[in-house]
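Per chain, numbering begins at 1; letters A, B, ... match sequence-line order.
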Amino acid sequence: MLNHIHLPDPVEERFNALEEELRELKNRIRYPQTERESTLKIYNTFTGKKEEFIPIKPGEVGIYVCGVTVYDFCHLGHARGAVIFDVVRRYLESKGLKVRYIRNFTDIDDKIIDRAKKEGTTAEAVAKKFTDEYYKDMDRLGVERADVEPKATDHIDEIIEIVEGLIEKGYAYEIEGDVFFDISKFGRYGKLSKRNTDEMIAGVRVEVNERKRDPLDFVLWKASKEREPSWSSPWGPGRPGWHIECSAMSMKHLAETFDIHAGGKDLIFPHHENEIAQSEAYTGKPFAKLWMHNGFVNINQEKMSKSLGNFFTIKEILNVYDPEVVRFFLLSTHYRSPIDFSDRNLEEAEGALNRFYTTMERVDRFLTESAAGKGDESGGESSWLSDEINLFKNRFEEAMDDDFNTAQSLGHIFELLRSINRFLDKKEVIAEEGRAILKLASDTLKEKGKILSLFQRDSKEWVKAVKKVKGTTFSEEEIQKKIGERNEARDNKDWKKADMIRKELEKHGILLEDRPEGTVWKVKR
RNA sequence: GGCGGCGUAGCCAAGUGGAUAAGGCAGAGGUCUGCAAAACCUUUAUUCAGCGGUUCGAAUCCGCUCGCCGCCUCCA
């Protein structure tokens with residue numbers, strides 16, 4: 001009689017929960033690697049959580065990455081951010097999203113001016129020089145150009161407009177040619193970096209400037225001193241403060257509200273906090289929807305930084321390691337975690353790449369030689385490899401969907417690599433079918449590798465590149481000649497002579513491997 | 001002092017509530033090889049800094065302790 005009244009019963013609830021679980025398990029068994037709903041999750045600094053990524057405009061995504069202030073050569077830390085967000089962009093594109101990617105240059109700032117003074121040149125010349133150097137480094141690291149690469153000095157009008165607007169709205173005030181943002185007017189100040197203003201004021205290290213209403217107020221426009229670069233403004237000759245250029249450029253090239261704003265963790269406060277304040281105060285709309293921040297490159301557990309002086313420039317590192325090695329190293333740790341720079345870690349990355357290209361060399365050889373009519377025994381079973389390939393594709397995507405987990409996606413690449421080697425080791429492989437599957441495997445690896453901007457070279461190019469960077473004395477021709485001599489000795493079973501030649505080459509950093517298919521050489525690490 | 005984060009094998013590094021704790025390097029044994037190398041196979045964490053708690057179930061959530069780091073000043 002009372003069955004229309006539902007009383008919650010803990011046992012029944014538990015039972016239902018278990019049934020739900022059972023259903024899910026059954027589904028997993030029934031449809032192991034079928035089309036999974038590909039939902040990309042990204043960690044948002046603002047909310048402190050991984051969130052499902054939903055673009056503002058379906059199918060499109062706008063990203064603004066804080067680039068560099070061009071006053072010096074880039075170090076590995078700069079490379080990390082550039083590489084990571086390059087991968088983010090490539091992955092988003094690979095998912096079929098139309099990405100608009102903006103990466104700026106801050107080309108006017110105190111440090112640039114200081115350097116120009118020191119070198120007796122202009123700020124413009126300093127900025128130009130290090131912008132060029134930035135491109136050189138990033139090109140070598142395989143970082144793609146952004147869709148727009150705006151410069152602060154090209155956006156002075158826009159900056160002035162925003163500053164004027166902020167004064168009008170009562171968010172900013174002018175004193176003797178300087179304009180400050182009044183943080184007390186912006187209630188949400190501190191929300192991104194999760195700090196409250198009272199505590200910060202209590203902090204000893206906040207710069208004290210008597211003219212500011214609040215020590216935390218920051219400069220939007222700076223009156224310029226004599227013989228400093230300046231632009232005319234309603235407040236007299238001056239230049240933009242740090243932070244404002246990013247607001248102006250992101251609004252101009254993206255929108256007042258856009259999808260992703262990214263940068264290094266050290267930009268969370270004050271840079272990004274200030275960007276939010278000035279942008280949202282100006283537009284009255286939310287600024288970036290999602291904030292991504294990459295972790296630091298550490299050296300001996302310490303942050304690599306200019307001020308500590310413990311940094312290595314990209315150029316220095318590329319003198320010793322191939323760019324792909326550096327890129328692999330940078331992607332072998334999740335982007336939000338710190339990554340420890342050391343020779344040992346770089347060498348490990350090189351070793352991993354060696355493993356990859358060694359396998360690819362085997363694949364290439366199989367493909368070309370079996371095409372020439374060899375290895376055409378029949379029988380064997382190769383469908384398991386195509387299962388592995390499909391599994392890999394799913395796993396790769398799953399890893400990348402999980403907040404761009406490149407470390408895991410690389411792990412999956414090596415799992416597939418082992419499968420390929422295992423396949424290659426089986427002598428009973430059918431040539432025709434085997435070739436098709438191996439081609440598929442290597443194409444798949446290349447395709448996914450493209451997202452990471454890794455694994456794109458020919459195995460021979462790789463070996464040559466490593467040889468070049470290691471500075472081996474022997475030329476390729478000499479090496480080939482020695483291999484010829486040695487193989488002659490081997491044919492005559494003159495093992496002593498053969499071993500002597502191998503040792504001689506090894507002394508010069510060249511390793512020989514006698515494969516059933518022939519002898520190949522490699523560079524010793 | 002405030003805020004944030006980290007601690008997984010000898011090393012690097014995934015995993016952040018459920019199915020055997022990925023992957024790489026190094027080590028041991030084996031297959032292959034003239035010998036090697038490469039590759040493959042087997043093996044290497046009964047346990048996730050420590051101690052409590054929540055839960056049917058915790059490396060994963062909560063609390064405390066220890067150790068390390070970052071931001072609060074320019075920094076990617």
Find every protein N or O atom lying less than 3.5 Å from an N or O atom of nucleotides 14-16 of chain B, and list the pairs.
unit_1	atom_1	unit_2	atom_2	d
B/A14	OP1	A/His334	N	2.6
B/A14	O3'	A/Asn405	ND2	2.7
B/A14	O2'	A/Gln408	NE2	3.0
B/G15	OP1	A/Asn405	ND2	2.6

In the structure shown, which nucleotide is the Watson-Crick or G-U wobble counterpart of [N], with both distances under 3.5 Å?
N	value
B/C64	B/G50
B/C3	B/G70
B/C35	none
B/G17	none

The side chain of A/Lys194 is closest to which nucleotide in this list: B/G34, B/C3, B/G24?
B/C3
What about A/Arg502, does its side chain sit under 3.5 Å from the base of B/C35 through a donor-acceptor pair?
yes
Taking N and O atoms by type only, does the side chain of A/Glu415 place a donor or acceptor under 3.5 Å from a partner on the base of B/G23?
no
Kindly indicate whether the side chain of A/Ile260, heavy atoms from C-beta on, has any atom under 4.5 Å from the side chain of A/Phe53.
yes
Output the distance between atom NZ (A/Lys315) and atom SG (A/Cys74), rounded to the nearest 0.5 Å.
8.0 Å
With a non-hydrogen cut-off below 4.0 angstrom, is A/Asn294 in contact with a base, only sugar-phosphate, or nothing?
base
Please classify the nucleic acid contact of A/Gly81 as base, sugar-phosphate, or nothing, using heavy-atom distances under 4.0 Å.
nothing
Flag as yes if A/Phe414 stacks onto the base of B/G23 (centroids under 5.5 Å, planes under 30°), otherwise no.
no
Does A/Asn421 have a side-chain nitrogen or oxygen under 4.0 Å from the phosphate oxygens OP1 or OP2 of B/C40?
yes
